[in-house]
Amino acid sequence: MEAMAVSRGLASAVRFDGVASSASSCSSSSSSSCVPALVSYSGLKRINAGVSKVVRELRVAPAGARGGVRGLRVEAAAVNGAPQSFDYDVVIIGAGVGGHGAALHAVEKGLKTAIVEGDVVGGTCVNRGCVPSKALLAVSGRMRELRDEHHLKALGIQVAAAEYDRQAVADHANNLATKIRGNLTNSMKAIGVDILTGVGSVVAPQVVKYGRIGFADKTITARDIIIATGSVPFVPPGIEVDGKTVFTSDHALKLEWIPEWIAIVGSGYIGLEFSDVYTALGSEVTFIEALDGLMPGFDPEIGKLAQRILINPRKIDYHVGVLAKKITPAKNGKPVQIELVDTKTKEVKETLEVDAALIATGRSPFTKGLGLEKVNVVTQRGFVPVDERMQVLDAEGNKVPNLFCIGDANGKMMLAHAASAQGISVIEQIAGRDNVLNHNSVPAACFTHPEISMVGLTEPQARALAEKEGFKVSVAKTSFKANTKALAENEGDGLAKMIYRPDTGEILGVHILGLHAADLIHEASNAIAMGNTIKDIKFAVHAHPTLSEVLDELFKSAHLEDHAVVSEKAAEPVAV
Ligand SMILES: Cc1cc2nc3c(=O)[nH]c(=O)nc-3n(C[C@H](O)[C@H](O)[C@H](O)COP(=O)(O)OP(=O)(O)OC[C@H]3O[C@@H](n4cnc5c(N)ncnc54)[C@H](O)[C@@H]3O)c2cc1C
């Protein structure tokens with residue numbers, strides 16, 4: 001199941017079409033943004049006193065499921081000549097959401113923690129991803145609503161033509177990123193995480209070097225090292241990015257201009273979200289998709305419905321089964337040129353001329369220069385190989401003691417909350433409690449209008465697994481058209497779909513397209529995470545009228561065989 005989780009859903013949409021070996025620079029932001037950190041070196045060597053001492057004792061004594069492993073790790077460090085007293089319990093390389101989540105949890109567990117950041121705190125999500133994109137999507141949602149005369153008329157509302165101020169919209173996105181970056185930084189400083197500025201690398205087992213251009217490198221030791229260096233946009237060969245007319249999401253989020261006609265190369269969730277923004281702000285969009293259909297990462301039925309709701313009624317056309325082989329930025333009065341070739345035959349199909357092209361063809365792990373070769377680790381297409389506990393594996397497939405990798409850099413599931421959850425899971429292990437994150441329970445969402453969300457397997461994945469393992473699969477569906485709250489909002493377009501085992505009541509996957517789908521998915525993802533069956537949750541009561549009743553209906557409409565199980569806890573009657 002774990003292996004399937006890696007290549008499913010939005011995670012696969014992010015990296016569906018080839019992930020480059022590695023990127024060539026620290027991040028898309030200029031290195032000039034690497035500002036001196038408030039680094040306090042005083043007393044670093046003394047930190048193994050106090051709380052850390054308690055932790056160290058805990059670790060030497062076998063504790064929890066990894067107790068035996070802990071013992072081995074201490075021994076291994078001595079054999080390798082690695083340091084035996086440490087500046088830190090944990091050093092994290094990369095202060096994106098993954099590193100941040102790990103750092104906060106590490107301090108909560110009493111671990112002396114440092115985080116090394118080569119650019120700005122917050123990484124992709126905060127500065128160039130989730131946060132600014134959701135600010136733009138908030139605007140696109142409102143613009144869409146205010147310009148939808150039919151929708152407003154149905155509600156009895158009249159408004160004058162809605163307009164927007166591009167620079168103010170861009171400022172909203174930028175200000176939000178700045179605010180969240182500040183929050184993240186403060187949350188770490190407040191609890192005593194040392195934020196060390198510079199590009200970090202592993203120089204030996206349990207030893208990290210970091211430094212800034214023009215300054216001498218510094219070396220620190222840590223009992224455990226977590227790599228959380230994230231990813232950068234993947235640009236296929238033949239595409240010339242100038243950052244003005246041919247650009248990636250890094251540039252697009254700055255919203256420097258609104259092209260009249262923009263080609264979006266790649267129809268994964270990033271491309272789809274940008275199509276929502278651009279069409280709401282007045283652009284015409286052409287999708288270029290290498291695979292045979294749009295939105296290849298989604299459950300096919302949801303993909304079909306998304307096409308009907310999010311593509312067909314909008315100023316969007318598309319070319320599928322074609323590669324953008326060559327893209328030349330606009331220059332000398334000529335527009336952007338895009339040479340399309342057939343994905344299979346590689347025959348040239350046509351050349352498009354557009355005002356701009358957004359390259360949304362996935363993300364590459366950012367793992368170059370990390371010094372992994374010094375600990376015998378060979379990356380796979382740039383991704384750091386890890387086991388199910390995020391422990392790094394060496395070239396022979398053996399665990400590298402005291403070295404973990406979380407987030408986009410390991411490619412298991414390239415989403416912000418997955419990165420953070422992996423970080424927390426690693427810290428749990430370091431603190432002596434075994435923990436394996438069930439990636440099948442990690443939800444994903446695409447914040448279009450309406451939204452799409454999912455957790456677990458798609459229907460084809462579930463059917464393939466069922467055939468292999470010999471069980472039956474059933475599908476339940478409910479429509480937003482039957483939901484009072486959705487109808488009150490005049491937002492009845494949408495579907496929720498659950499794939500499940502009728503014999504056991506196990507939920508295999510849930511997919512939602514509709515108003516607030518990104519919030520609704522958590523009832524299903526929590527159920528999967530807690531191991532609840534449909535029988536456990538179908539009697540749960542939902543407030544009326546709420547959108548959550550869409551899921552209530554979904555669970556109730558499942559047809560279970562008589563012997564389908566109720567988990568022990570849920571079966572007990574509770575007296576009140
Ligand atoms: C446009 C866009 C929208 C997105 N929207 C969503 C969304 O809505 N929801 C969602 O869940 N995900 C979303 N994502 C994906 C999400 O941003 C990533 O999955 C997430 O940021 C990964 O977190 P991370 O901590 O692994 O890496 P990152 O956030 O990339 O952070 C890595 C950090 O490490 C630093 N670093 C790298 N190398 C070194 C080094 N050697 N030394 C020191 N520091 C280093 C980098 O500067 C960076 O700060 C979006 C991505 C994009 C591009």
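Counting starts at 1 for both ligands and their atoms, following the listed order.
- Looking at T448 and D276, their side chains never bring a donor and an acceptor atom within 3.5 Å of each other.
- Numbered from 1 in the order shown, with element, the atoms of ligand 1 that lie under 4.0 Å from a heavy atom of G98 read 25 (O).
- We find that K109 and E428 are joined by a salt bridge, their nearest charged nitrogen and carboxylate oxygen being less than 4.0 Å apart.
- The shortest N or O to N or O distance between C125 and ligand 1 is under 3.5 Å.
- Ion pairing between K112 and D194 holds under the 4.0 Å rule for side-chain N and carboxylate O.
- For the residue pair T279/R144, the side-chain donor-acceptor check at 3.5 Å is satisfied.
- Applying the 4.0 Å criterion to heavy atoms of I93 picks out, from ligand 1, the atoms 40 (C), 42 (N), 43 (C).
- In this structure, K134 is part of the shell of residues with a heavy atom less than 4.0 angstrom from ligand 1.
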**Study point:** Worked check of salt bridge (charged side-chain N to carboxylate O under 4.0 Å, His left out) between K412 and E388
**Key:** CA-CA 9 Å; K412 270 190 175 281; E388 73 282 6; over 6 Å; no

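- When only modelled atom types and interatomic distance are considered, S267 and E289 share a side-chain donor-acceptor pair under 3.5 Å.
- Residue contacts with ligand 1 include S133, since one or more of its heavy atoms lies under 4.0 Å from the ligand.
- Taking the centre and axis of the six-membered ring of F383, the NZ or CZ atom of R381 falls outside the cone set by 45° and 6.0 Å.
- Heavy atoms of E117 found under 4.0 angstrom from ligand 1 belong to the backbone as well as the side chain.
- The parts of V97 lying near ligand 1 are both backbone and side chain, judged by heavy-atom distances below 4.0 Å.
- Residue-ligand proximity, A228 to ligand 1, at heavy-atom distances under 4.0 Å covers atoms 32 (C), 33 (C), 34 (O).
- Ligand 1 lies nowhere less than 4.0 angstrom from a heavy atom belonging to T367.
- No side-chain donor-acceptor contact under 3.5 Å links N127 and T124.
- T286 and W261 share a side-chain donor-acceptor pair at under 3.5 Å.
- Ligand 1 has no N or O atom lying under 3.5 Å from any N or O atom of L370, backbone or side chain.
- Checked for salt-bridge contact, D217 and R212 miss the test: no charged N lies under 4.0 Å from a carboxylate O.
- Considering backbone and side-chain atoms alike, T124 places an N or O below 3.5 Å from some N or O of ligand 1.
- With no hydrogens or angles considered, no side-chain donor-acceptor pair links S420 and H105 at under 3.5 Å.
- Every atom of ligand 1 is numbered from 1 in the order shown, and the set under 4.0 Å from a heavy atom of G407 is 26 (O).
- With G200, G94, G411 as candidates, the residue nearest to atom 41 (N) of ligand 1 on a non-hydrogen basis is G200.
- Looking at G129 next to ligand 1, no N or O pair under 3.5 Å apart turns up.
- For ligand 1 and V120, the ligand atoms under 4.0 Å from any heavy atom of the residue are 49 (O).
- Within the listing of ligand 1, atoms 1 (C), 53 (C) sit less than 4.0 angstrom from a heavy atom of R128.
- Heavy atoms of S231 approach ligand 1 to within less than 4.0 angstrom.
- Within the 4.0 Å heavy-atom cutoff, G198 counts among the residues contacting ligand 1.
- A salt bridge links E273 with K134: the closest approach of a Lys/Arg side-chain nitrogen to an acidic carboxylate oxygen falls below 4.0 angstrom.
- Nearest residue to atom 38 (N) of ligand 1 from F447, F366, Y210 is F366 (criterion: closest heavy atom).
- Side chains of Q422 and H439: a donor on one and an acceptor on the other come within 3.5 Å.
- For ligand 1, none of its N or O atoms has an N or O atom of R363 under 3.5 Å away.
- Under a 4.0 Å criterion applied to the non-hydrogen atoms of G96, ligand 1 contributes the atoms 25 (O), 29 (O), 31 (O), 33 (C).
- By the 4.0 Å heavy-atom criterion, Y269 is counted among the residues contacting ligand 1.
- Note that the CD1 atom of I258 and the CG atom of L281 stand 4.5 Å from one another [nearest 0.5 Å].
- Every atom of ligand 1 with a heavy atom of L415 under 4.0 Å away is listed here by number and element: 10 (C), 11 (O), 12 (N), 19 (O).
- Checking D394, N402, L370, L403 one by one against V375, the side-chain contact (heavy atoms from CB on, under 4.5 Å) holds for a single residue, L403.
- At a 3.5 angstrom cut-off on N or O pairs, H417 counts as close to ligand 1.
- Considering backbone and side-chain N/O atoms, G118 comes within less than 3.5 Å of an N/O atom of ligand 1.
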